[in-house]
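Here the structure comes first, spelled out in structure tokens, and everything after it is commentary.
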Amino acid sequence: MSKRVVIVGGVAAGMKTAARLRRLDAEAEIIVLERGPQLSYGACGFPYFISGEVKSMDSFDHTPQGALRDSNYFAAVKGIDARCGCNVQKIDRMQKCVHYMEKGELKQLSYDVLVLATGSTPVKLPLPNADAAGIHSFWFPWDVEAVDKEIAEGGVKDVVIIGAGFIGLELAEAFVRRGLHTSVLEQQDRLLPQLLDEDMAALLLRDTKNPLLDIFLEERAGAFTIENGKVSGVQTDKRVIPAQLVIVAVGVRPNVE
Ligand SMILES: Cc1cc2nc3c(=O)[nH]c(=O)nc-3n(C[C@H](O)[C@H](O)[C@H](O)COP(=O)(O)OP(=O)(O)OC[C@H]3O[C@@H](n4cnc5c(N)ncnc54)[C@H](O)[C@@H]3O)c2cc1C
């Protein structure tokens with residue numbers, strides 16, 4: 001009898017595992033359970049949609065030939081049973097089965113091999129007014145669409161990005177390309193603080209000079225200011241930086257719940 005492999009999480013690690021496994025074993029039953037609405041999308045390109053270099057969000061979840069990488073595609077082309085809207089809530093290791101919710105119904109699925117590819121979720125800053133309109137993470141496709149829509153609607157002139165890591169800096173470049181005044185706020189003393197030593201970070205800082213870009217190092221966000229329920233700025237320990245759009249890019253936590 002062929003073995004059943006259940007994979008929890010259907011984006012990068014989960015779908016890559018499924019595809020590689022199919023190439024290694026034509027007989028295995030491969031089932032992917034993804035709680036979200038989308039499979040196998042490439043988040044790495046999201047900042048380039050904001051900058052306009054990538055023209056369509058379809059680029060992130062379609063094949064180069066234009067096929068949407070959804071459940072039908074994976075069933076027909078790869079022989080993989082990938083199901084969206086399935087939130088795994090419990091692993092029963094004794095019985096070798098997972099319990100998951102699908103459309104409000106609790107279901108069970110047995111496995112021979114279980115793969116956890118559950119990824120991570122952006123950290124939220126527990127600051128006053130953090131839930132105000134105009135404050136976003138930049139992680140899921142719907143974050144990208146919301147940010148792009150707010151800019152396209154024309155009400156955004158100033159953006160504050162909290163966090164000078166990869167996502168913060170890629171987005172800073174993208175916003176400047178869109179002609180927006182952009183401030184990057186970083187509590188540590190350098191850009192890309194997890195990656196660069198002081199001397200290399202100083203070279204990067206030298207090369208980021210742009211009239212549309214302000215970088216504030218060793219400065220912490222303490223609160224968001226609001227007007228009519230919408231963000232109007234970021235209060236730091238030194239000033240208030242005006243913003244109609246704020247991106248919180250301060251890292252992620254693993255989905256281990
Ligand atoms: C803007 C941006 C730019 C990036 N740029 C780069 C880059 O240039 N280079 C690079 O290497 N990486 C980059 N990354 C990071 C890269 O996209 C991630 O490392 C990658 O998506 C991780 O894949 P993953 O499959 O491990 O997790 P995820 O993509 O987080 O997928 C995990 C999936 O598991 C699902 N899940 C979680 N728990 C459950 C559950 N209980 N039941 C069912 N499903 C569940 C989640 O819904 C999620 O869809 C970037 C990310 C972003 C957002």
Side-chain angles (χ1 to χ4, degrees), residues 5-21 30-54 57 59-61 69-71 74 80-93 97-109 111 114-124 136-148 151 159 161-175 177-178 182 184 191-192 194-195 245-257:
V5 180
V6 172
I7 300 173
V8 187
V11 185
M15 297 316 295
K16 274 275 155 54
T17 304
R20 176 75 180 134
L21 182 60
I30 305 170
I31 303 176
V32 179
L33 300 176
E34 164 58 51
R35 67 183 173 192
Q38 243 170 304
L39 298 166
S40 187
Y41 58 85
C44 306
F46 287 166
Y48 304 97
F49 177 71
I50 297 298
S51 67
E53 290 157 277
V54 171
M57 287 294 286
S59 304
F60 304 123
D61 63 359
R69 292 195 299 267
D70 62 0
S71 298
F74 281 105
I80 294 165
D81 176 356
R83 308 174 191 173
C84 289
C86 295
N87 188 5
V88 175
Q89 301 191 323
K90 185 176 164 189
I91 305 168
D92 184 339
R93 290 174 191 267
C97 74
V98 291
H99 299 224
Y100 67 100
M101 287 296 285
E102 185 179 17
K103 295 186 182 136
E105 206 181 315
L106 190 58
K107 298 182 177 175
Q108 284 187 30
L109 187 66
Y111 62 82
L114 180 67
V115 179
L116 299 179
T118 48
S120 49
T121 301
V123 172
K124 284 193 163 186
H136 299 269
S137 300
F138 196 82
W139 192 251
F140 300 107
W142 46 91
D143 296 327
V144 184
E145 283 162 348
V147 167
D148 183 61
I151 298 170
V159 186
I161 299 169
I162 306 177
F166 280 123
I167 292 176
L169 292 192
E170 286 184 355
L171 272 178
E173 189 179 13
F175 290 134
R177 274 180 181 255
R178 288 276 284 259
T182 304
V184 176
L191 300 174
L192 297 177
Q194 315 275 18
L195 184 79
L245 176 69
V246 175
I247 305 290
V248 179
V250 296
V252 294
R253 294 231 162 82
N255 293 325
V256 288
E257 73 280 6

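All values reported here derive from a predicted model rather than from experimental measurement. What you see below is based on every heavy atom in this structure, not just the backbone, and it leaves out hydrogens, waters and symmetry mates. Order of listing sets the numbers, starting from 1, for every ligand and every atom in it.
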- [ ] Please could you name the atoms of ligand 1 that Leu33 approaches to less than 4.0 Å, counting only its heavy atoms?
- [x] 43 (C), 44 (N)
Open item on the list: Once you restrict to heavy atoms under 4.0 Å, what part of Thr121 touches ligand 1? Side chain, backbone, both or neither.
Closed with: neither
- [ ] Mind telling me whether Phe46 and Tyr41 have parallel, tilted or perpendicular rings, with 30° and 60° as the class edges?
- [x] parallel
Task: For atom 17 (O) of ligand 1, the protein heavy atom that lies nearest, with its residue and separation - done: Ala43 CB, 3.6 Å
Open item on the list: Considering both backbone and side-chain atoms of Gly10, is one of its nitrogen or oxygen atoms within less than 3.5 Å of a nitrogen or oxygen in ligand 1?
Closed with: no
Task: ligand 1 versus Phe138: contacting region, heavy-atom distance under 4.0 Å - done: both
Open item on the list: Using the rule given for salt bridge (Lys or Arg N to Asp or Glu O under 4.0 Å), can you reason through Glu34 versus Arg69, listing the C-alpha separation, both sets of side-chain angles and the distance that settles it, and then say yes or no?
Closed with: CA-CA 13 Å; Glu34 164 58 51; Arg69 292 195 299 267; over 6 Å; no
TODO: Check Thr118 against ligand 1 and report side chain, backbone, both or neither, counting heavy atoms closer than 4.0 Å.
DONE: both
Open item on the list: Strictly less than 4.0 Å: does any protein heavy-atom distance to atom 12 (N) of ligand 1 fall in that range?
Closed with: yes
Open item on the list: Heavy atom to atom 44 (N) of ligand 1, shortest distance: which of Lys90, Arg35, Met15 holds it?
Closed with: Arg35
Task: Val88 contact mode with ligand 1 (heavy-atom cut-off under 4.0 Å) - done: both
Open item on the list: Check this for me - ligand 1, Asn255, N or O atoms closer than 3.5 angstrom, yes or no?
Closed with: no
Open item on the list: So for ligand 1, is Ala13 a polar contact partner (N or O within less than 3.5 Å, distance only)?
Closed with: yes
Open item on the list: Tell me the nearest of Gly85, Cys44, Ala249 to atom 9 (N) of ligand 1, using heavy-atom distances.
Closed with: Cys44
